[in-house]
Amino acid sequence: MNQQIRVRFAPSPTGFLHIGGARTALFNWLFARHYKGVFVLRIEDTDRNRSTDEYMNLIIQDMKWLGLDWDEGPFRQTDRFDIYRDYANRLIQAGKAYYCCCTTEELERKRQLAIAAGLPMKYDGKCRDLKKPPSNIPAAIRFKMPKEGQTIVNDLVKGCVIFDNSQIEDLVIVRSDGTPTYNFVVVVDDIDMNISHIIRGDDHLNNTPKQIHIYEAFSSKMPQFAHLPMILGHDKSRLSKRHGATSVLAYKDMGYLPEAIVNYLARLGWSHGDQEIFTKDEMVNFFSIENIGKSAAVFNPEKLLWLNSHYIIRSDSERLAELVIPFLINKGIIESDKDIDLKWLSKAINLLKERAKTLDELANSLNYFIADSIEIDPKIAQKFLMPQSIKYLIELKNALLSLDDFSSASIEKIFNTLAESYSLKLGAIAQPVRVAITGGTASPGIYELIEIIGREKTIDRLSKVIEQKIT
RNA sequence: GGUCCCAUCGUCUAGAGGCCUAGGACAUAGCCCUCUCAAGGCUAAGACACGGGUUCGAAUCCCGUUGGGACUACCA
């Protein structure tokens, strides 16, 4: 391809950036980066009732968080109304569009009639041959679609798709209030921004023939189309709030890493042989539209969770320490980021990261590292803190108190000596200690755990248990 | 209703007519490792929607059926 590759992602700011949108953005980004092309971000906010600046900013923030950087934009369609007006006028002057003064009520009535009669609900073209525009009533502008023939969409993903022009109605391109509509502005913008490849969800496939005619009306170079299959919920219906978290932001808040989401999304509809784990560079290198599947994919949160734990395990503990702080604050485990020694926190995370699937889980298990005092579930206490276990706890406490080198290696020696002297399995001592120190039965290795929690807290927690059980 | 798209394990997918006794991954189960929980390793179970063609040969090509999805706005 010698022509400059230019693609765009065009979200409408009527909600959060959702999983499907993020994947569309990712595929466009991947395509642009692979071919060293240009990635444009365009905000489609022509629906003024539903679009908000808050959503727009959130979408931009999420794109950045995912690492999907763009080269041009963000452009806002509401800033470009003059351009659309100009394009619409050109169509009117060329006789390729016309004013329509049918009322919404009239249109709705005809639509109901058509449904009742089992006919296609198509605009009947009443105003198509109107000689001059009505001056007193507000009129919309409709595009004149061809009535006969066929339109072929040569889609890079779906292949050749043929539409009968008789199915296509004269669509409204400018509303009676003067604002332009979606199917018109996308085309105008894509022409104006010189977009070479349109990669979007296949819910737009049926719009494509209409858009092709608009391109033709402007004698514009036709872009290539690539329609991505949809992402579905577990019940195979369109992914929506009913299926749980669907926004990128929600996953961020649940403690997912951006690279996990990106990797997961990349494998939803695209593949490179059997490979599951990709660095961003690999994705960019390997990405190709040819390897995009045609069928819809069910969103599988379990696999995303697996990828997240994969990336957490392999992340630097220092990085995780920074990322987990908001979660710690949120849970009230720390007051502010000044309350915590990052180096120490990284050491604790080093022990915990292969056990946490999300940053949220990581923060939860960090609680017994940080808290002044911990709670022990009475049931667990009853099972593990038996009188004979208390005896070991006392001995351990004394040994720990007189330990010069408070390291996991030395601590391990204490445990081994203790186990040997009572001819016990390690677990018989380790489990009661674990319960006393963490309040639960699952934790990282006990020696490392004690080392990082430190002498003071360890002794304190052991003492508390011992006191309680003796009295 | 009309138009369009889609169809391999529960899920994501590999598969470009013989390399397929259909491969990998998530999830599930078992085993190993082990101070617990994880992580890791090994193993198991699990799919070509159905029916017709084409072909010496079909998961792969064609047609139909069924099932799912999208669109059908003065929403995007």
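Just so it is clear, the values below take in all heavy atoms, side chains as well, and ignore hydrogens, waters and symmetry mates. The sequence lines fix the lettering, A, B, ..., with proteins before strands; numbering per chain opens at 1.
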Would you check, one step at a time, whether the test salt bridge (charged side-chain N to carboxylate O under 4.0 Å, His left out) holds for A/E108 with A/R111?
CA-CA 5 Å; A/E108 185 53 32; A/R111 196 168 294 129; 2.8 Å; yes
For B/G40, take OP1 and OP2 only and decide whether either is under 4.0 Å from a side-chain N or O of A/R355.
no
With heavy atoms under 4.0 Å as the rule, sort A/P11 into base, sugar-phosphate or nothing.
nothing
Figure out the CZ/C1' separation between A/R238 and B/C71, and round it to whole Å.
10 Å
Describe the nucleic acid contact of A/R50 in one word from base, sugar-phosphate, nothing, applying a heavy-atom distance below 4.0 Å.
base
My understanding is that only one of A/R50, A/R76, A/R80 makes a salt bridge (charged side-chain N to carboxylate O under 4.0 Å, His left out) with A/D45; could you say which?
A/R76
When you check the phosphate oxygens OP1 and OP2 of B/C74, does a side-chain N or O of A/R111 lie under 4.0 Å from one of them?
yes
Mind checking A/K353 for me? I need base, sugar-phosphate or nothing, with any heavy atom below 4.0 Å counting as a touch.
nothing
Ring-face cation of A/R267 near A/F278 (centre distance under 6.0 Å, axis angle within 45°)
no
What's the closest nucleotide to the side chain of A/I446 if the choices are B/C37, B/C35, B/A70?
B/C35
Expected output: side-chain A/S421 to main-chain A/L418 donor-acceptor under 3.5 Å
yes
With both distances under 3.5 Å as the test, what is the Watson-Crick or G-U wobble partner of B/C26?
B/G10
Across all strands, who's sitting opposite B/C33 as a Watson-Crick or G-U wobble pair, both distances under 3.5 Å?
none
Base paired to B/C56 (Watson-Crick or G-U; both N/O distances under 3.5 angstrom):
B/G18
Complementary nucleotide of B/G51, counting Watson-Crick and G-U pairs under 3.5 Å:
B/C63
Identify whether any heavy atom of A/S51 sits under 4.0 Å from a base atom; if not, whether one sits that close to sugar-phosphate; answer base, sugar-phosphate or nothing.
nothing
Just by protein heavy atoms under 4.0 Å, how would nucleotides 1-26 of chain B read 5' to 3' in B, S and -?
BSSSSSS---SBSS--------BBSS
Does either side chain, that of A/S315 or that of A/R319, offer a donor lying less than 3.5 Å from an acceptor on the other one?
yes
A/P180 or A/A356, whichever maps to the more 5' nucleotide of RNA chain B
A/A356
Let's test this: given Watson-Crick or G-U wobble pairing with both distances under 3.5 Å, identify the partner of B/G1.
B/U72
For B/A38, the Watson-Crick or wobble partner whose two distances fall under 3.5 Å:
none
Considering only the P atoms, how many Å lie between B/U8 and B/G69, rounded to the nearest integer?
15 Å
In the strands shown, is B/G46 matched to any nucleotide by a Watson-Crick or G-U wobble pair with both distances under 3.5 Å, and which?
none
Measure from CZ on A/R109 to C1' on B/A73 and round the result to the nearest Å.
17 Å
From CG of A/N207 over to P of B/A73, roughly how many Å is that when rounded to an integer?
11 Å
Rounded distance in Å between the P positions of B/G46 and B/G52
26 Å
Would you indicate what A/S443 reaches in the nucleic acid, counting non-hydrogen atoms under 4.0 angstrom: base, sugar-phosphate, or nothing?
base
Between B/A39, B/C74, B/G69, which one does the side chain of A/I313 approach most closely?
B/A39
Going by the angle between their ring planes, with limits at 30° and 60°, are A/Y182 and A/H204 parallel, tilted or perpendicular?
tilted
Value in whole Å for how far the P atom of B/A27 lies from CG of A/N308:
13 Å
Report yes if a side-chain nitrogen or oxygen of A/T46 is closer than 4.0 Å to either non-bridging phosphate oxygen (OP1 or OP2) of B/A76; otherwise report no.
yes
Distance between the C1' atoms of B/U43 and B/G24, in whole angstroms?
16 Å
Assess whether one donor atom and one acceptor atom, taken from the side chain of A/S176 and the base of B/C74, lie less than 3.5 Å apart.
yes
Is it true that A/N165 and A/T151 share a donor-acceptor pair across their side chains at a distance under 3.5 Å?
yes
Test: A/R8 and A/D189 ion pair at under 4.0 Å:
no
So, under a plain 3.5 Å distance rule, would you say the side chain of A/R434 forms a donor-acceptor pair with the base of B/C35?
yes
Nearest to the A/N183 side chain among B/A39, B/A76, B/G69, which nucleotide is it?
B/A76
Would you mind reading off the distance between A/L17 atom CG and B/A76 atom P, rounded to a whole angstrom?
19 Å
Under 6.0 Å from the six-membered ring centre of A/Y311 and within 45° of its axis: does the NZ or CZ of A/R314 meet both?
no
